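As structure tokens, the structure follows; a few thoughts come after it.
Naming convention: chains lettered A, B, ... in sequence-line order (proteins, then strands); numbering from 1 in each chain. Atom set for the values below is all heavy atoms of this structure, side chains included, hydrogens, waters and symmetry mates excluded. Just so it is clear, the structure is predicted and the values come from calculations on it, not from any experiment.
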Number of protein chains: 2
Amino acid sequence: MLATDLDRDLDTDVAATSPTVRAATVIPIHPVARADKTPQRASRCSTCAMRALCMPAELSAAELARLDAIICATRSVKRGDTLYRAGDAFHSIYAVRAGSFKTVVMHRDGREHVTGFQIAGEALGLDGVGAGQHSCDAIALEDSAVCIIPFAQLEVICREMKPMQHHIYQMMSSEIVRESSQMMLLGTMSAEQRVATFLLNLSRRFKARGFSAAEFHLRMTREEIGCYLGMKLETVSRMFSKFQRERLVDANGKTIRIVDAEGLARV
Amino acid sequence: MLATDLDRDLDTDVAATSPTVRAATVIPIHPVARADKTPQRASRCSTCAMRALCMPAELSAAELARLDAIICATRSVKRGDTLYRAGDAFHSIYAVRAGSFKTVVMHRDGREHVTGFQIAGEALGLDGVGAGQHSCDAIALEDSAVCIIPFAQLEVICREMKPMQHHIYQMMSSEIVRESSQMMLLGTMSAEQRVATFLLNLSRRFKARGFSAAEFHLRMTREEIGCYLGMKLETVSRMFSKFQRERLVDANGKTIRIVDAEGLARV
DNA sequence: CGGTTGTTTGAATCCGTTCAATACCTGTGG
DNA sequence: CCACAGGTATTGAACGGATTCAAACAACCG
């Protein structure tokens with residue numbers, strides 16, 4: 001199951017709004033061996049299906065080999081377990097190899113908010129660079145595996161490889177842009193528009209990974225979706241039902257089929 | 001007027017939540033000459049009051065001199081004018097030398113949302129790195145001046161100066177964290193809590209720049225505040241009135257005096 | 001000074017929440 | 001295999017916080 005997620009063509013998609021989408025030819029990796037041990041030696045980066053995310057396109061074979069040597073031990077995280085917690089010392093960033101995560105920020109009064117969902121091929125942990133410690137919890141939504149990228153060593157590499165340096169800046173900047181558009185969603189959109197936007201965004205990301213854009217399986221609960229979109233789980237459910245009645249989507253529990261994407265976008 | 005803003009001790013404060021606050025000894029710069037011409041040669045970075053923001057603390061005199069040679073032409077922007085617009089090609093990031101800005105993202109349907117306010121000593125333009133073009137408009141709230149930092153040249157410097165490289169990563173990461181906490185605000189807080197949080201945040205930032213934490217002048221309208229906090233201008237106004245009645249703040253148009261900061265935080 | 005822009009306040013309305021009841025899964029253990 | 005439990009999802013009705021609409025006022029600027 002982990003393997004099927006990986007045997008696909010990927011493209012960089014951390015930046016929801018980035019216009020630069022690279023179509024990378026990627027060598028499918030073998031099924032992830034024993035996802036229950038952590039950490040373990042990964043497949044080499046140079047043959048990883050996620051390469052289009054982790055690395056810029058223009059690297060030479062020699063440069064790729066350098067990366068292989070330094071980064072990409074993997075770690076598997078069981079459903080519900082945390083990859084890191086707010087307050088943990090920051091050492092590494094992560095690329096999701098398989099599965100999916102949510103990032104959760106917590107207010108002192110106990111109130112919590114989901115700041116993002118990350119699926120295979122997306123980055124995690126960039127929040128930790130600034131303060132030297134993570135500012136949120138990263139929790140697996142299903143049994144998942146990540147690639148561990150020690151940041152100090154990455155910095156060294158970035159000083160020597162210009163494309164790599166630029167790539168890290170791009171990843172961080174794209175995350176800033178993604179969050180800006182999420183702020184716009186939270187600040188200006190109705191519940192209906194938020195849910196529609198959420199579904200279309202997920203659809204686009206799945207499509208970019210070679211999965212169906214029309215039909216997919218939600219890994220998160222209604223409550224988690226609500227917490228991400230700034231509304232209660234009941235409201236999320238009502239919006240799904242509404243879209244169902246209007247023949248825009250076909251929502252059956254966690255299985256979603258987008259019937260009329262244009263209609264959804266027009267909401 | 002520009003000069004008074006600059007003749008202050010500053011500390012790095014891009015990261016709202018960053019625990020690392022450096023107290024920097026800073027040489028006051030002379031009054032900014034003719035702020036009406038753009039662009040113009042700036043005071044040298046090595047004597048700039050904003051140095052604590054633009055640069056890491058550990059730079060040698062020689063390294064500072066290198067920066068002087070390359071970055072820090074300035075540009076002045078009149079109230080209401082844009083520093084850059086969404087879609088503009090990205091070439092530089094900016095440090096606010098004097099005055100203040102808002103950044104605005106626009107949805108295709110015309111709806112707009114204020115993603116942040118930037119005051120003296122804060123950075124602008126980091127959103128542009130990812131896609132090679134800016135993703136929002138940056139608009140001056142008053143006659144302002146920025147320091148122009150060409151990003152391509154900054155990247156070169158960062159490959160040679162480790163502290164500088166790390167500093168840029170920190171700035172971007174801190175912006176990610178700041179936006180996360182703004183998402184939490186938009187997603188989970190009541191109108192009352194949002195306005196209270198907004199005032200306390202501004203207060204903290206002014207204080208860090210040597211201004212009064214208790215009394216300050218808002219540069220933005222109620223509408224802009226509302227657009228930032230995800231509510232209507234009338235609601236912002238009502239909250240100010242409410243805080244007034246409860247003796248938490250003394251709001252007189254754009255002049256704000258925080259009477260009971262603890263009370264505000266408890267809201 | 002008049003006109004424009006920004007602010008305050010009230011009353012009616014509406015969208016999303018809250019509370020509550022019911023139904024639906026999914027995995028576990030008898 | 002079925003029954004059961006616990007979490008998850010759906011739906012209805014009442015409520016409430018924020019918006020909308022409207023009017024009056026204040027501040028600012030040419």
Any side-chain heavy atom of A/Phe117 within less than 4.5 Å of one from A/Leu202? no
Atom-to-atom span, [atom1] of [X] to [atom2] of [N] - whole angstrom:
X	N	atom1	atom2	value
A/Arg222	C/dC24	CZ	P	15 Å
A/Leu229	C/dC15	CG	P	19 Å
B/Glu223	D/dT19	CD	P	12 Å
B/Arg219	C/dG6	CZ	P	16 Å
B/Glu142	C/dG6	CD	C1'	17 Å
A/Met220	D/dA9	CE	P	11 Å
B/Lys254	D/dA26	NZ	C1'	13 Å

Can a donor-acceptor pair be found between the side chains of [X] and [Y] at a distance below 3.5 Å?
X	Y	result
B/Gln193	A/Arg111	yes
A/Tyr228	A/Gln182	yes
A/Ser180	B/Glu179	yes

Using the side-chain contact (heavy atoms from CB on, under 4.5 Å) rule, pick out the option among A/Arg245, A/Gln244, A/Arg238 that qualifies with A/Lys242. A/Arg245
Side-chain contact check for A/Thr221: nearest option of C/dG16, D/dT8, C/dG6 is D/dT8
By nearest atom, which of the nucleotides C/dT7, D/dA18, C/dG16 is closest to the B/Ala191 side chain? D/dA18
Less than 4.0 angstrom from a charged side-chain N to a carboxylate O is my criterion; do B/Glu142 and B/Arg79 meet it? no
Identify whether the distance between the nearest side-chain nitrogen and carboxylate oxygen of A/Glu122 and A/Arg178 falls below 4.0 Å. no
Nearest heavy-atom pair of B/Glu192 and B/Met239: which atoms, and what distance? CA-SD, 3.7 Å
Comparing A/Asn252 with A/Glu192, nearest DNA chain C nucleotide closer to 5' gives the residue A/Glu192
For DNA chain C, determine which residues of residues 243-251 of chain B have any heavy atom closer than 4.0 angstrom to one of its atoms, and list them numerically. none
DNA chain C contacts made by residues 231-242 of chain B, counting heavy atoms under 4.0 Å: B/Leu233, B/Glu234, B/Ser237, B/Arg238, B/Ser241
Can the ring centres of A/Phe216 and A/Phe211 be said to be less than 6.0 Å apart? no
